[in-house]
Novice: 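There's a structure below that I have some questions on.
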Protein chains: 2
Amino acid sequence: MSNTRPLHELSADELAVFRKEQQAAYDTLKAGGLKLDLTRGKPSAEQLDLSNGLLDLPTTYRDAAGTDTRNYGGLYGLTGLRQIFADVLRVEPEQVIAGGNSSLTLMKDVLTDLLLFGAVDSTRPWVQEEKRRFICPVPGYDRHFLLTETLGFELVTVPMREDGPDADAIAQLVADDPTIKGMWMVPTYANPTGDVCSQEVAAKLASMPTAAPDFKILWDNAYAVHHLTPQETKSADILSLAAASGNPHRPVMFASTSKITFAGAGVAFLAASKEQIEWFVKYLGVGSIGPDKVNQLRHIEFFGDAEGVLAHMAKHREILAPKFAEVQRILSEQLGGLGVAKWTDPIGGYFVSVDVVPGTASRVVQLAKEAGIALTGAGAAFPHGNDPDDTNLRLAPSFPVLEEVTAAMEAVATCILLAAAEKLAG
Amino acid sequence: MSNTRPLHELSADELAVFRKEQQAAYDTLKAGGLKLDLTRGKPSAEQLDLSNGLLDLPTTYRDAAGTDTRNYGGLYGLTGLRQIFADVLRVEPEQVIAGGNSSLTLMKDVLTDLLLFGAVDSTRPWVQEEKRRFICPVPGYDRHFLLTETLGFELVTVPMREDGPDADAIAQLVADDPTIKGMWMVPTYANPTGDVCSQEVAAKLASMPTAAPDFKILWDNAYAVHHLTPQETKSADILSLAAASGNPHRPVMFASTSKITFAGAGVAFLAASKEQIEWFVKYLGVGSIGPDKVNQLRHIEFFGDAEGVLAHMAKHREILAPKFAEVQRILSEQLGGLGVAKWTDPIGGYFVSVDVVPGTASRVVQLAKEAGIALTGAGAAFPHGNDPDDTNLRLAPSFPVLEEVTAAMEAVATCILLAAAEKLAG
């Protein structure tokens with residue numbers, strides 16, 4: 001690459017030369033016939049292999065308490081597994097239930113129950129409210145937004161920051177507006193920015209006055225133990241903070257082993273105040289014969305205890321960290337100093353968030369697609385897929401093997417540069 | 001037993017003697033300190049053992065199509081398992097999806113989706129209807145009734161007959177009343193009567209005009225292949241009948257392997273018109289990352305094909321048939337000819353339904369409880385647990401071992417006789 005100065009400092013002629021170079025690089029790329037995918041935060045086959053021991057478990061069908069896990073029953077999940085993940089999530093075992101294979105399903109269940117029945121602190125079912133709004137920190141997780149959108153909520157965006165969502169903006173919104181019934185939240189290694197909610201921000205969210213008496217924080221701790229560095233960030237202790245603030249029923253915490261063991265065949269968890277757990281189980285029991293306890297026992301045997309979970313996560317880190325490092329290396333080497341992009345350097349989670357030249361994110365995705373690189377749609381991290389600045393890209397380097405990450409990222413960098421040159425050239 | 005005539009033919013003195021005899025028998029029973037349970041239709045440990053091979057499966061994590069079952073995705077479930085159960089349920093594979101471990105959960109999901117979004121043939125979400133009613137054949141399955149009750153439906157009872165629910169009564173109800181949105185149905189070996197819905201009754205239900213354009217038959221074929229005799233009754237073909245009648249979206253069929261493999265760790269199925277399957281999957285996908293495909297592959301390997309399912313069910317029959325025969329033997333020997341009870345002699349399913357002297361069912365349950373025999377609460381087979389005649393008992397002989405069935409049934413017979421004698425003595 002001939003140029004190393006910020007693009008906006010280039011003369012028109014210099015920019016034209018730069019654009020030509022990028023076009024040539026892109027044409028070469030396109031001719032290469034790549035077929036690579038950076039779209040979703042899926043574990044790689046190599047990561048899944050770490051849990052192949054599960055395929056030979058359980059060795060028995062009775063848990064430590066003597067329960068025949070093969071039969072019906074046990075809505076709360078197996079005690080042994082609740083204990084392990086209570087330790088992992090730093091909550092009390094009686095505040096946790098172990099469910100099926102998807103925390104997203106638990107989220108839908110909770111929201112559906114809130115709509116049809118109302119919460120322990122509701123005056124009526126949410127479906128009876130004329131208008132319902134939900135706060136979405138952006139950029140954020142597309143499936144959160146789609147879920148509340150589908151369930152008829154109007155989505156209200158607030159900015160995501162390095163220490164969590166903008167708590168002051170949220171506090172202002174919820175103080176007077178009873179139609180705002182809750183908020184989404186990925187507290188640790190957020191999707192897609194990798195940011196971590198501080199204890200201070202969490203405390204504000206836990207204690208802020210809300211016009212809705214039954215305001216809920218859906219605290220999706222999907223990446224609680226998904227560290228990419230030896231710095232094992234502790235999640236903010238939202239249940240204790242909320243209880244101490246007199247709002248014990250405000251948070252509902254979610255987690256799962258989807259990115260710990262098998263993505264599609266793991267166990268999901270819900271944690272909340274004891275009253276809220278009982279509320280949830282009451283409606284759960286109307287439509288459930290209990291979770292798959294054999295799979296829960298399989299996980300108990302596999303992990304042993306919370307230490308076993310953390311030791312297992314260290315193995316994931318060994319696979320993931322080089323891929324994330326490669327993303328950083330290529331972005332730095334190819335885009336550094338050119339003023340065409342800012343990106344996150346997460347210490348955990350599954351994503352790198354890249355802000356390209358405003359107005360070019362869709363173009364980058366299009367260019368990449370035509371060169372055989374699937375990227376998550378521009379705007380995916382915003383409600384209704386609408387990024388007002390058309391600037392944000394979400395990169396997910398976990399699934400491809402390292403060589404593919406390299407090839408895909410070099411291609412993405414080229415696409416970002418070409419789109420920027422096109423834009424600046426007007 | 002000294003008396004062999006119908007109790008209502010006895011003189012007051014004879015009845016007093018009979019009552020004394022029964023009281024003495026009951027006192028002996030009570031002194032025996034039994035602790036037995038006939039409450040729920042749970043498979044026994046011996047039945048669950050038939051599927052212990054699952055604990056060592058799957059032998060690989062890829063299905064025949066090459067799908068890595070460990071990862072996310074595949075909302076419809078694995079093709080191989082859909083094929084097997086399409087054959088078992090006699091529907092087309094594209095009309096079936098394979099889900100999680102509970103068909104009851106699929107029922108709750110369907111009803112919740114109907115409430116919040118409406119069906120493919122709805123004019124609006126059901127929750128927007130001022131009043132919603134649901135038809136419940138009685139006696140029927142308590143969990144069906146509880147589910148619709150919890151979801152805010154008014155329950156309307158119709159009688160269950162030997163060839164299915166009273167279709168004429170239903171046709172009359174639904175013809176003019178648009179608030180009646182659907183009906184429950186256990187078509188084959190119904191809970192608790194064991195009755196089988198005939199093709200004729202199914203055809204009436206499929207074709208009857210309904211005031212509600214989106215009337216649904218929730219067709220819970222929980223016992224489709226759960227034969228107790230070599231006479232393997234075929235279920236009525238509701239999907240074809242409904243399609244042929246111009247009401248393709250009326251039925252939604254449910255089934256599961258809960259009483260085939262592991263009660264709590266099986267796979268549930270939903271079958272419906274292709275449009276309705278797509279409708280369901282659309283909302284399913286908003287809150288799911290796909291079912292547990294590893295468990296589905298485990299079941300594919302275990303069964304092989306539909307023939308494998310039927311061969312497996314024959315093993316269940318060997319265990320269950322002697323227990324059901326024992327129930328018949330004891331009821332016949334102890335109650336036959338006395339005019340105190342009528343009972344079903346099912347050729348499939350999990351229950352025997354007993355109608356005792358009207359007004360005594362609760363008393364029988366109470367007497368049994370005091371003697372250490374847990375029976376399902378009287379009235380459980382009716383909406384709100386309210387049997388207007390206090391006459392119906394549901395016996396579930398699957399879970400106890402054979403010797404316990406014998407002891408429990410002898411005790412139940414004594415309780416029925418004592419309660420009858422008390423009642424007739426005034």
Novice: Show, in sequence, the C-alpha distance, side-chain angles and deciding distance for B:Y61 and A:D49, and conclude whether the side-chain contact (heavy atoms from CB on, under 4.5 Å) test is met.
Specialist: CA-CA 10 Å; B:Y61 51 80; A:D49 286 346; 3.8 Å; yes
Novice: Could you tell me the separation between the OG1 atom of A:T59 and the CG atom of B:D56, rounded to the nearest 0.5 Å?
Specialist: 10.0 Å
Novice: Between A:L57 and chain B, with a heavy-atom cut-off of 4.5 Å, which part of the residue counts as in contact: side chain, backbone, both or neither?
Specialist: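 Contact with chain B involves the backbone of A:L57 alone.
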Novice: Name the option with the most non-hydrogen atom pairs under 4.5 Å to chain B; the candidates are A:S44, A:A45, A:G100, A:G152.
Specialist: A:A45
Novice: How long is the gap from OG1 on A:T69 to CZ on B:F262, to the nearest 0.5 Å?
Specialist: 7.5 Å
Novice: Counting only heavy atoms closer than 4.5 Å, note whether A:F117 contacts chain B via side chain, backbone, both or neither.
Specialist: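 Side chain only.
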Novice: To the nearest 0.5 Å, how far apart are OH in B:Y72 and CG in A:L104?
Specialist: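 It is 9.5 Å, given to the nearest 0.5 Å.
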Novice: Do you know which of B:L111, B:N52, B:D68 has the most heavy-atom pairs under 4.5 Å to chain A?
Specialist: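 That would be B:N52.
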Novice: With only heavy atoms counted, which part of B:L48 is less than 4.5 Å from chain A, the side chain, the backbone, both or neither?
Specialist: both
Novice: Please rank B:D109, B:L115, B:N101 by heavy-atom pairs under 4.5 Å with chain A and give me the top one.
Specialist: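 Winner by heavy-atom pair count: B:N101.
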Novice: Would you mind checking which part of A:S258 comes under 4.5 Å of any heavy atom in chain B, side chain (CB onward), backbone (N, CA, C, O), both or neither?
Specialist: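 Contact with chain B is through both the backbone and side chain of A:S258.
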Novice: Shorter than 4.5 Å, heavy atoms on both sides: which option in A:Q47, A:M107, A:K259 has the most such pairs with chain B?
Specialist: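 Counting heavy-atom pairs under 4.5 Å, the top option is A:K259.
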Novice: Report which part of B:L106 has an atom under 4.5 Å of a heavy atom belonging to chain A: side chain, backbone, both, or neither.
Specialist: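 It is neither, since no heavy atom gets under 4.5 Å.
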Novice: Measure A:L55 against the heavy atoms of chain B and call it side chain, backbone, both or neither at under 4.5 Å.
Specialist: both
Novice: Would you give me the side-chain donor-acceptor pairs under 3.5 Å for residues 284-295 of chain A, sequence neighbours excluded?
Specialist:
from: A:S288; atom 1: OG; to: A:G290; atom 2: N; distance (Å): 2.9
from: A:D292; atom 1: OD1; to: A:V294; atom 2: N; distance (Å): 3.1
from: A:D292; atom 1: OD1; to: A:N295; atom 2: N; distance (Å): 3.0
from: A:K293; atom 1: NZ; to: A:N71; atom 2: O; distance (Å): 2.6
from: A:K293; atom 1: NZ; to: A:G73; atom 2: O; distance (Å): 3.0
from: A:N295; atom 1: OD1; to: A:R298; atom 2: NH1; distance (Å): 2.9
from: A:N295; atom 1: ND2; to: A:A265; atom 2: O; distance (Å): 3.0
from: A:N295; atom 1: ND2; to: A:G266; atom 2: O; distance (Å): 3.4

Novice: Determine whether more than 12 heavy atoms belonging to other residues, nucleotides or ligands lie under 6.0 Å from atom CD of A:E46.
Specialist: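 No, CD of A:E46 has 12 or fewer neighbouring heavy atoms, counting only those of other groups under 6.0 Å.
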Novice: Using non-hydrogen atoms and a limit below 4.5 Å, what part of residues 141-150 of chain B faces chain A?
Specialist: B:R143, B:L146, B:L147, B:T150
Novice: With rounding to the nearest 0.5 angstrom, report the NZ to CZ distance, B:K42 to A:R70.
Specialist: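 Those atoms lie 11.5 Å apart.
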